[in-house]
Amino acid sequence: MHSEAVFIQVGALAEGFAPDSHTLQAQDDLAGQTLSLYFADGERLDVCFVDGQTLHWRGQPADYRATALRPGVLFIDFLDPQRANASITLVCNRALGNFTAVYGQLPDEAQTRLDAFSRVEQGLPLTAVAAEFRFGRLADDDAPLPAFTDELIGMRNMYTYSPTERYEHIYLNDNFYAWQCLDGVEKGLADVDRCHYVKVAEQLYLFVWREKIIPTLGVVMIDLQGLRTDGKILGYQGSDFSALSNFAVGAHAQVLICPAGGHAGGGRSPV
């Protein structure tokens, strides 16, 4: 018998993705700008971009990465300067005048080592990775707010992250998706994990997943017109929980199965 594939820490995953990855080039044109966020609950927050690498979040500095999968739609990601083992991702649609903020939180070592059966017994979610979604506008006006969507459900896609890394996703329902690694450092692994979908624009989605075995948070934009993705994966560098890995990911997408009545956008991409 062949040896079984094993789950690896996010730090090792980042190393596997790194060579010749299909990530987008980071943008630095936010330098010197201030982004005003008007949350739907009434809070206002100004994000100040000091330069192409540093922003101020609630008065504290943080290194950030900003990309634009489509013109006018910004993906801004950084580690939360106010919370340990946490990140914040902002998806700002300047054309529609709205944004989505995703607050991610990794569990500590004790929470991670609580097995699945014990979590079920205690009435806890299967994954200890947390994600909070907040919606808002980029001005104090009546712009439409982003919202959760079911438009990806039933779709089966393949994502090529680099010449060596290839995955398949099946979006099962409002709460779960299935994934398997076809090629790469996790080849042979597969699971079903908790997920969330937000519609950003026509055929443009924010996809967030939370894994239950290795504490992992994925926050990725999926563009079904351009058949590209861009985002990040957050987890621990190693099994000692002493350092984080928050690395960029991007892929070429291929739609394998489209749900009845759905549309894949700009055709099928050769891989």
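The figures that follow rest on heavy atoms only: side chains count, while hydrogens, waters and symmetry mates do not.
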Heavy-atom neighbours of [X] [atom1] exceed 12 at 6.0 Å:
{"X": "Gln237", "atom1": "CD", "answer": "yes"}
{"X": "Lys187", "atom1": "NZ", "answer": "no"}
{"X": "Asp142", "atom1": "CG", "answer": "no"}
{"X": "Gln60", "atom1": "CD", "answer": "yes"}

Test log, rule side-chain contact (heavy atoms from CB on, under 4.5 Å), inputs Glu186 and Glu165:
CA-CA 9 Å; Glu186 290 188 312; Glu165 307 296 320; over 6 Å; no
Supply the atom-to-atom distance Glu15 CD to Gln9 CD, rounded to the nearest 0.5 angstrom.
11.5 Å
Look up atom CD1 in Ile233 and atom CZ in Phe247, then write down how far apart they are to the nearest 0.5 Å.
4.0 Å
Are Phe148 and Val200 linked, directly or through intermediate hydrophobic residues, by side-chain heavy-atom contacts shorter than 4.5 Å (ILVMFWY only)?
yes
Single-linkage hydrophobic cluster, 4.5 Å side-chain cutoff, Val102 and Phe135 together:
yes
Any donor-acceptor pair under 3.5 Å linking the side chain of [X] with the backbone of [Y]?
{"X": "Asn98", "Y": "Pro144", "value": "yes"}
{"X": "Asp141", "Y": "Ala143", "value": "yes"}
{"X": "Thr216", "Y": "Ile214", "value": "yes"}
{"X": "Thr100", "Y": "Val91", "value": "no"}
{"X": "Gln27", "Y": "Arg65", "value": "no"}
{"X": "Thr127", "Y": "Glu211", "value": "yes"}
{"X": "Asp150", "Y": "Ile153", "value": "no"}
{"X": "Lys212", "Y": "Val192", "value": "yes"}

Output field: ring centroids Phe39/Phe99 closer than 6.0 Å:
yes
Taking the six-membered ring where the residue is Trp, are the ring centres of Phe241 and Tyr236 under 6.0 Å apart?
yes
[X] versus [Y]: any side-chain heavy-atom pair under 4.5 Å?
{"X": "Val220", "Y": "Asp230", "result": "no"}
{"X": "Asp223", "Y": "Thr229", "result": "no"}
{"X": "Tyr103", "Y": "Arg134", "result": "yes"}
{"X": "Asp28", "Y": "Asp51", "result": "no"}
{"X": "Pro125", "Y": "Arg210", "result": "no"}
{"X": "Cys92", "Y": "Val73", "result": "no"}
{"X": "Asn246", "Y": "Lys232", "result": "yes"}
{"X": "Gln254", "Y": "Arg166", "result": "no"}

Minimum heavy-atom distance [X]-[Y], with the two atoms named:
{"X": "Val219", "Y": "Trp209", "value": "N-CZ3, 4.5 Å"}
{"X": "Asp191", "Y": "Phe7", "value": "OD2-CZ, 4.3 Å"}
{"X": "Ala68", "Y": "Leu24", "value": "O-CD1, 3.9 Å"}
{"X": "His22", "Y": "Arg228", "value": "O-NH2, 2.8 Å"}
{"X": "Cys181", "Y": "Tyr167", "value": "CB-CE2, 3.6 Å"}

Evaluate Phe207 against Tyr177 for side-chain contact (heavy atoms from CB on, under 4.5 Å), listing each step before the verdict.
CA-CA 10 Å; Phe207 175 61; Tyr177 86 112; 3.7 Å; yes
Across all chains, not counting sequence neighbours, the side chain to side chain contact (heavy atoms under 4.5 Å, CB included) partners of Arg94 are Leu30, Gln33, Leu35, Leu74, Leu138
Evaluate side-chain contact (heavy atoms from CB on, under 4.5 Å) for Leu244 paired with Asn85, printing each intermediate quantity in order.
CA-CA 7 Å; Leu244 293 179; Asn85 307 327; 3.7 Å; yes
Tell me, with the steps shown, if His169 and Tyr171 meet side chain to side chain donor-acceptor pair (under 3.5 Å).
CA-CA 6 Å; His169 288 185; Tyr171 306 111; 3.0 Å; yes
Would you call the rings of Phe17 and Tyr161 parallel, tilted or perpendicular, taking 30° and 60° as the class edges?
tilted
Determine whether Leu79 and Leu234 satisfy the following criterion, side-chain contact (heavy atoms from CB on, under 4.5 Å), listing intermediate values before the conclusion.
CA-CA 9 Å; Leu79 294 179; Leu234 172 69; 4.0 Å; yes
Mind running side chain to side chain donor-acceptor pair (under 3.5 Å) on Ser36 and Asp46 for me, showing each step along the way?
CA-CA 4 Å; Ser36 295; Asp46 288 336; 2.8 Å; yes
